[in-house]
Amino acid sequence: MTDENKIATAQANKQMMLDFYERVFNNWDMSGIDDVMREDYMQHSPEVEDGREGFKKFFRGFLQAKPHADIIKVIAEDDLVCMFFRCTLGVNGMVNKVFDLYRIEDGKLAEHWDCVMNTDGVPVNNSLGHF
């Protein structure tokens with residue numbers, strides 16, 4: 001793959017993830033999951049089962065908390081996309097700082113890792129804050 005093709009693929013993956021977050025996290029619409037996620041989706045979050053059906057099962061419950069993702073930064077390289085965002089839960093106002101890393105295969109979500117930090121009550125000792 002040429003460097004130009006790698007850049008184009010990374011940019012397409014980045015846009016796919018931005019669209020995914022807007023649709024699923026911010027509009028609570030899971031209707032297109034089958035189109036963007038592999039059936040054998042691999043999950044590294046211990047509370048979520050493997051596979052597309054495992055994601056759907058978890059997210060149906062998670063959407064009850066009315067999440068909203070404010071994207072801070074998106075980094076894309078080759079088949080990996082890292083999403084850094086503020087996730088605010090509408091039901092209780094809880095704010096989490098989240099890093100999600102996805103591997104994209106053939107234009108679909110293939111694998112996911114994450115790191116989540118609840119920021120409520122965590123003191124800020126610098127000028128930059130949590131985000």
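Remember, predicted model here, so these are calculated numbers, not experimental data.
- Side-chain N or O atoms of Asn126 include one that pairs as donor or acceptor with a backbone N or O of Gly129 at under 3.5 Å.
- Hydrophobic clustering, with ILVMFWY side chains joined whenever heavy atoms are under 4.5 angstrom apart, keeps Ile75 apart from Ile7.
- Between the side chain of Trp28 and the backbone N or O of Pro67, at least one donor-acceptor pair lies under 3.5 Å.
- Under the side chain to side chain donor-acceptor pair (under 3.5 Å) criterion, Asn26 pairs with Glu22, His68, not counting sequence neighbours.
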For residues 90-100, dump all side-chain donor-acceptor pairs below 3.5 Å to protein atoms at least two apart in sequence or in another chain.
unit_1 : atom_1 : unit_2 : atom_2 : d
Asn92  : OD1    : Met94  : N      : 2.9
Asn96  : OD1    : Asn118 : N      : 3.4
Asn96  : OD1    : Asn118 : ND2    : 3.3
Lys97  : NZ     : His130 : O      : 3.2
Asp100 : OD1    : His112 : NE2    : 2.9
Asp100 : OD2    : Tyr21  : OH     : 2.4
Asp100 : OD2    : Tyr102 : OH     : 3.4

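- At least one side-chain heavy atom of Met117 sits less than 4.5 Å from a side-chain heavy atom of Val122.
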The test is side chain to side chain contact (heavy atoms under 4.5 Å, CB included); show your working for Ile104 and Val81 and say whether it passes. CA-CA 8 Å; Ile104 313 297; Val81 179; 4.3 Å; yes
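- The pair Lys56-Asp34 meets the salt-bridge criterion, since a charged nitrogen lies less than 4.0 angstrom from a carboxylate oxygen.
- Within 6.0 Å of the CD atom in Gln15, the count of heavy atoms belonging to other residues, nucleotides or ligands exceeds 12.
- Within the 3.5 Å criterion, the main-chain N or O of Gln43 finds a donor-acceptor partner in the side chain of Asp50.
- Between Phe55 and Phe62, the gap from one ring centroid to the other reaches at least 6.0 Å.
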Check the pair Ile33 / Phe20 against side chain to side chain contact (heavy atoms under 4.5 Å, CB included), numbers first and verdict last. CA-CA 9 Å; Ile33 296 294; Phe20 177 78; 3.7 Å; yes
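- Between Thr2 and Glu4, the side chains place no donor N or O within less than 3.5 Å of an acceptor N or O (distance only, hydrogens not considered).
- No salt bridge links Asp106 with Lys108; every basic N to acidic carboxylate O contact stays at or beyond 4.0 Å.
- Residues Arg38 and Arg52 fail the side-chain proximity criterion, which asks for heavy atoms closer than 4.5 Å.
- Here the side chains of Met16 and Leu109 are in contact, with some heavy-atom distance below 4.5 Å.
- Using a distance-only test at 3.5 Å, with no hydrogens or angles considered, no donor-acceptor pair links the side chain of Arg103 to the main chain of Leu80.
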